[in-house]
Amino acid sequence: AEEARRSLLGEGGKVEVRLLDLSSLQSVRDFAAGLVKDNIKVHILINNAGVFMCPYMETQEGFEMQMGTNHLGHFLLTNLLLPQMKQHGEPARIINVSSTACLGGKIDLDDLFQKKKPYDALQSYSNSKLANVLFTRRLAHLLRGTKIQVFALHPGSVVSSATRHVMSSTFFKDYVISLALKTTLEGAQTTVYCATEAQQHSEMYFSDCAVGWAPDASKDERLAEDLWKLSAQLVKLDE
């Protein structure tokens, strides 16, 4: 992070590095409190942390790692920063980086962390990515009438360190897969587009710098509302 900060300083402006571990709700709370304390106005929030197909692990709070990080960590962070984003009254954007894997996602509110069945890393990832889009849909509903736009997006299939749990072969990753997948620079383009130019759309889902087609499950308003309520209970949002 410090290396990236130094390179960005050459472009002008001010760059800060702050610690944030999305798999720890305490870290999320500490990070958000620091921004509020230092009166830093947030105009663009990009929820980009992603755990991809890891072996079964748990967050510090005991949640399955992929759902706990990819969804709940971002859910809490966004909600903690929302009051400040509303208060400054200036146009703002919240971008949730999902994935085309959301097409295979299933949200079981009675078994959000897949504890009642054998652990399936890909299914868990897909579920967390569907949760990202449902979260975006409910957030858009709650933010009607404000100057905050919200987006979910598929960045494309990108060669990055996120694939470390499934691409152990350097030759396979660096030479074979790289011919078919996007670079990190290419994969960032839709995120940048949503953060700068795009306009909120009823699909709530973008891909390749254009409006995409979200899965039918992500358009279930009741499910989006119920997932929001469950997520708020799990992260103890009102405490």
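Scope of the values below: all heavy atoms of this structure, side chains included, with no hydrogens, waters or symmetry mates. Fair warning: this is a prediction, and the values are worked out from it, not measured in the lab.
- Shortest non-hydrogen contact noted between Val51 and Gln66 is O-OE1, 3.2 Å.
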Side-chain polar contacts of residues 39-49 - donor-acceptor pairs under 3.5 angstrom, sequence neighbours left out - could you list them?
from, atom 1, to, atom 2, distance (Å)
Lys41, NZ, Glu90, OE2, 3.3
His43, NE2, Glu90, OE1, 2.4
Asn47, ND2, Thr78, OG1, 3.0
Asn47, ND2, Asn96, OD1, 2.8

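- Looking only at distances, a side-chain donor or acceptor of Asp120 sits under 3.5 Å from a matching main-chain atom of Leu122.
- The shortest non-hydrogen separation linking Lys219 to Glu203 is NZ-OE2, 3.2 Å.
- When atom types are taken as modelled, the side chain of Asp111 and the backbone of Lys115 share a donor-acceptor pair closer than 3.5 angstrom.
- At a threshold of 4.5 Å between non-hydrogen side-chain atoms, the residues Ile148 and Leu139 do not count as touching.
- When side chains are defined from C-beta on, Ser207 does not count as touching Trp213, because their heavy atoms never get closer than 4.5 Å.
- When hydrophobic clusters are built by joining Ile, Leu, Val, Met, Phe, Trp and Tyr residues whose side-chain heavy atoms come closer than 4.5 Å, directly or via intermediates, Met67 is grouped together with Leu130.
- Among all heavy-atom pairs drawn from Gly68 and Thr59, the shortest one is CA-CG2, 4.0 Å.
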(request) Could you walk me through whether Lys229 and Glu225 pass side-chain contact (heavy atoms from CB on, under 4.5 Å), step by step? (result) CA-CA 6 Å; Lys229 291 177 180 178; Glu225 181 180 3; 3.4 Å; yes

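- You'll find the side chain of Asp110 reaches within 4.5 Å of the side chain of Lys116, heavy atoms only.
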Please table the atom pairs, donor to acceptor, closer than 3.5 Å between any side-chain atom in residues 6-17 and protein atoms at least two apart or in another chain.
from, atom 1, to, atom 2, distance (Å)
Ser7, OG, Ala4, O, 2.7
Glu16, OE1, Arg18, NE, 2.9
Glu16, OE1, Arg18, NH2, 3.0

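- Residue Thr196 comes nearest to Arg93 through the heavy atom pair O-NH2, 3.5 Å, listed as atom of the first residue, atom of the second, then distance.
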(request) Please report the C-alpha distance between Glu58 and Phe63 in whole Å, then the side-chain angles of each, then the deciding distance to 0.1 Å, and finally whether the side-chain contact (heavy atoms from CB on, under 4.5 Å) criterion is met. (result) CA-CA 5 Å; Glu58 293 184 349; Phe63 305 137; over 6 Å; no

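- Annotation: side chain of Tyr125 is in contact with side chain of Ser99 (closest heavy-atom distance under 4.5 Å).
- Counting heavy atoms from C-beta on, the side chains of Phe151 and Thr136 never come closer than 4.5 Å.
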(request) Output, in order, the C-alpha distance, side-chain angles, deciding distance and verdict of side chain to side chain donor-acceptor pair (under 3.5 Å) for Glu64 and Tyr119. (result) CA-CA 10 Å; Glu64 185 275 322; Tyr119 181 67; 2.9 Å; yes

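- The local environment of NZ in Lys37 is sparse, with at most 12 non-hydrogen atoms from other residues, nucleotides or ligands closer than 6.0 Å.
- For Leu72 against Leu25, the heavy-atom pair with the smallest separation is O-CD2, 4.4 Å.
- Hydrophobic cluster membership differs between Ile95 and Val133, with clusters built from Ile, Leu, Val, Met, Phe, Trp and Tyr side chains linked at under 4.5 angstrom.
- Here the side chain of Ser27 pairs no donor or acceptor atom with the backbone of Ser24 at under 3.5 angstrom.
- Listed for the Gln123 side chain is a donor-acceptor partner under 3.5 Å among the backbone atoms of Gly104.
- Summarising the geometry, atom NE2 belonging to His74 is positioned 9.0 Å from atom CZ belonging to Phe135; distances are rounded to the nearest 0.5 Å.
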(request) Please report the C-alpha distance between Gln84 and Leu35 in whole Å, then the side-chain angles of each, then the deciding distance to 0.1 Å, and finally whether the side-chain contact (heavy atoms from CB on, under 4.5 Å) criterion is met. (result) CA-CA 9 Å; Gln84 186 256 34; Leu35 293 186; 5.9 Å; no

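- Atoms CG and CG, from Asn127 and Leu134 in turn, are 10.5 Å apart once rounded to the nearest 0.5 Å.
- The CD1 atom of Ile107 sits 6.5 Å away from the CG atom of Leu223 when rounded to the nearest 0.5 Å.
- Within the 4.5 Å cutoff, the side chain of Asn79 has heavy atoms near those of the Trp228 side chain.
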(message) Pair Leu77, Phe31 - check side-chain contact (heavy atoms from CB on, under 4.5 Å), show working.
(response) CA-CA 8 Å; Leu77 175 63; Phe31 174 81; 3.7 Å; yes

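- Ion pairing between Arg222 and Asp226 holds under the 4.0 Å rule for side-chain N and carboxylate O.
- Tracing side-chain contacts under 4.5 Å through hydrophobic residues (I, L, V, M, F, W, Y), one reaches Leu237 starting from Leu109; they form part of the same cluster.
- Separating the CG atom in Leu153 from the CE atom in Met204 is a distance of 13.5 Å, to the nearest 0.5 Å.
- Residues Leu143 and Leu227 are members of one and the same hydrophobic cluster, defined by side-chain heavy-atom contacts under 4.5 angstrom among Ile, Leu, Val, Met, Phe, Trp and Tyr.
- Taking both residues in full, the closest heavy atoms of Thr69 and Ser23 are given as OG1-CB, 3.3 Å, listed atom of the first, atom of the second, then distance.
- Here CZ of Phe206 is found 10.0 Å from OG1 of Thr190. Values are rounded to the nearest 0.5 Å.
- Of the listed residues (Ser98, Ser128, Ser124), just one forms a side chain to side chain donor-acceptor pair (under 3.5 Å) with Asn70, and that residue is Ser128.
- To the nearest 0.5 Å, the span separating CG on Leu76 from OG on Ser231 amounts to 10.5 Å.
- Counting heavy atoms from C-beta on, the side chains of Val28 and Asp21 never come closer than 4.5 Å.
- For the pair Arg29 and Leu80, the minimum side-chain heavy-atom distance is below 4.5 Å.
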(request) Step by step, work out the salt bridge (Lys or Arg N to Asp or Glu O under 4.0 Å) result for Glu221 and Arg138. (result) CA-CA 7 Å; Glu221 298 282 358; Arg138 185 59 184 170; 5.4 Å; no

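- At a threshold of 4.5 Å between side-chain heavy atoms, the hydrophobic network of Ile, Leu, Val, Met, Phe, Trp and Tyr places Leu230 and Met65 in two separate groups.
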